[in-house]
Amino acid sequence: MPRLIGQQVMLREYQSEDFACIRQWVNDASATRYLSTRFWAPQTTVDTQEFLSRMMQSSHNAYNFVIADAKDGRYIGQLDMFRVDWRLRQGEIGMVIASSEDRGRGFGTEALRLLARFAFETLGLERIELEVHMDNAAAIRCYEKAGFVLEGIKRHAYYNDGAFSDLGMMSLLRQDWQSLS
């Protein structure tokens with residue numbers, strides 16, 4: 001797995017030492033509120049260890065990265081391209097910034113830009129996409145800053161806090177990314 005290094009963050013491989021950092025946020029409702037049902041609480045230590053083991057295994061259909069501080073390697077979060085469709089040349093991504101102190105500081109935007117360069121220049125993909133909860137304004141702003149465009153809305157596609165909510169589909173195309181570069 002390559003390391004992708006930016007000004008503030010680097011994308012690096014998962015390491016067994018990341019276990020403690022993942023455990024710090026994986027049952028924190030503020031961190032997991034908008035994540036996949038895979039992260040719904042409670043997450044046991046076994047759940048976390050199994051997740052970390054999967055992330056540490058290499059695959060030609062997934063690229064899993066820890067977002068770390070570029071200076072000291074401190075764990076900040078995760079950015080995973082968990083599904084690559086080689087025939088359609090597209091990847092689906094998901095991201096979490098673990099600590100509330102690290103949110104809103106530009107780490108996610110820079111990490112997304114690093115991943116986009118890797119996806120388009122190295123992997124030769126045409127498109128990367130993600131789903132976002134429409135009431136997660138901070139995430140939508142982050143994705144838009146990285147060049148992602150809202151394509152459509154899946155109504156009542158997620159259940160959270162006792163109610164259904166809408167999910168947006170956002171994407172970044174190679175041509176859009178090239179015009180940003």
Side-chain angles (χ1 to χ4, degrees), residues 1-45 47-56 62-82 91-119 128-150 158 160-161 165 167-168 170-172 177 180-181:
M1 183 71 68
R3 285 191 174 198
L4 312 173
I5 301 174
Q7 296 293 314
Q8 297 186 91
V9 300
M10 75 168 129
L11 299 183
R12 65 160 171 82
E13 70 285 350
Y14 282 81
Q15 301 167 353
S16 58
E17 295 81 14
D18 295 325
F19 178 82
C21 297
I22 296 170
R23 286 300 299 161
Q24 288 179 352
W25 67 263
V26 76
N27 285 309
D28 176 357
S30 73
T32 61
R33 180 169 189 217
Y34 297 112
L35 296 184
S36 158
T37 57
R38 170 193 308 178
F39 292 105
W40 279 6
Q43 292 285 313
T44 67
T45 55
D47 294 332
T48 305
Q49 188 57 58
E50 288 175 355
F51 169 79
L52 182 57
S53 294
R54 281 192 313 275
M55 295 299 103
M56 291 173 57
Y63 294 87
N64 303 310
F65 294 99
V66 163
I67 303 169
D69 187 292
K71 294 178 188 81
D72 61 16
R74 176 181 65 85
Y75 176 101
I76 294 171
Q78 300 166 195
L79 177 55
D80 302 311
M81 189 164 13
F82 53 86
E92 187 173 351
I93 65 173
M95 180 173 70
V96 63
I97 302 296
S99 169
S100 60
E101 291 85 35
D102 287 330
R103 295 182 203 132
R105 297 181 57 195
F107 296 146
T109 300
E110 184 176 20
L112 287 163
R113 289 176 179 158
L114 289 169
L115 183 68
R117 180 175 22 160
F118 174 70
I128 52 178
E129 65 184 29
L130 57 86
E131 289 183 338
V132 62
H133 298 266
M134 293 308 296
D135 57 346
N136 190 349
I140 292 170
R141 266 192 317 277
C142 172
Y143 301 142
E144 288 174 341
K145 285 180 187 177
F148 283 77
V149 175
L150 181 65
Y158 193 76
N160 196 14
D161 297 333
S165 59
L167 290 178
M170 298 184 80
S171 71
L172 179 62
W177 176 79
L180 296 171
S181 300

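It should be emphasised that the depicted structure is a prediction, and the values quoted were computed from it without experimental measurement.
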Write down the atom of [X], the atom of [Y], and the distance for their closest heavy-atom approach.
X: A62; Y: F82; result: CB-O, 3.8 Å
X: I140; Y: M134; result: CD1-O, 3.8 Å
X: I22; Y: L52; result: CD1-CD1, 4.0 Å
X: L112; Y: C142; result: CD1-SG, 3.9 Å
X: V26; Y: R23; result: CG1-NH1, 3.6 Å
X: K71; Y: Q7; result: NZ-O, 4.5 Å

How many angstroms lie between [atom1] in [X] and [atom2] in [Y], if you round to the nearest 0.5 Å?
X: D18; Y: T48; atom1: CG; atom2: OG1; result: 12.0 Å
X: I76; Y: D102; atom1: CD1; atom2: CG; result: 5.5 Å
X: Y75; Y: W25; atom1: OH; atom2: CH2; result: 5.5 Å
X: L115; Y: L11; atom1: CG; atom2: CG; result: 6.5 Å
X: S171; Y: F148; atom1: OG; atom2: CZ; result: 7.5 Å
X: E110; Y: K145; atom1: CD; atom2: NZ; result: 12.5 Å

For [Y], does its backbone N or O pair with a side-chain atom of [X] as donor and acceptor, under 3.5 Å?
X: Q8; Y: A70; value: no
X: D72; Y: R74; value: yes
X: D80; Y: F65; value: yes
X: N136; Y: H133; value: no
X: R113; Y: G6; value: no
X: R103; Y: A139; value: no

| query | Yes or no on side chain to side chain contact (heavy atoms under 4.5 Å, CB included) for N64 and M81, after CA distance, side-chain angles and deciding distance? | reply | CA-CA 6 Å; N64 303 310; M81 189 164 13; over 6 Å; no
| message | Quick one, V132 with L130, criterion side chain to side chain contact (heavy atoms under 4.5 Å, CB included). Give me CA distance, side-chain angles, the key distance, then yes/no. | response | CA-CA 7 Å; V132 62; L130 57 86; 4.1 Å; yes
Any non-hydrogen side-chain atom of [X] less than 4.5 Å from a side-chain atom of [Y]?
X: E13; Y: R3; answer: yes
X: M170; Y: E131; answer: no
X: V9; Y: L114; answer: yes

| query | Residues in side-chain contact (heavy atoms from CB on, under 4.5 Å) with A68, at least two apart? | reply |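 Scan of A68 (side-chain contact (heavy atoms from CB on, under 4.5 Å), adjacent residues dropped) gives M10, R12, V66.
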| request: Begin from the C-alpha positions of Y143 and T109 and carry the test side chain to side chain contact (heavy atoms under 4.5 Å, CB included) through to its verdict. | output: CA-CA 7 Å; Y143 301 142; T109 300; over 6 Å; no
| message | Checking Q78 against Y14 for the side-chain hydrogen bond (donor to acceptor under 3.5 Å, both in side chains) test, could you report, in this order, the C-alpha distance in whole Å, the side-chain angles of both residues, the deciding distance, and whether it holds? | response | CA-CA 9 Å; Q78 300 166 195; Y14 282 81; 3.1 Å; yes
| task | Decide yes or no on side chain to side chain contact (heavy atoms under 4.5 Å, CB included) for I97 and I67, but give the supporting numbers first. | result | CA-CA 8 Å; I97 302 296; I67 303 169; 3.9 Å; yes
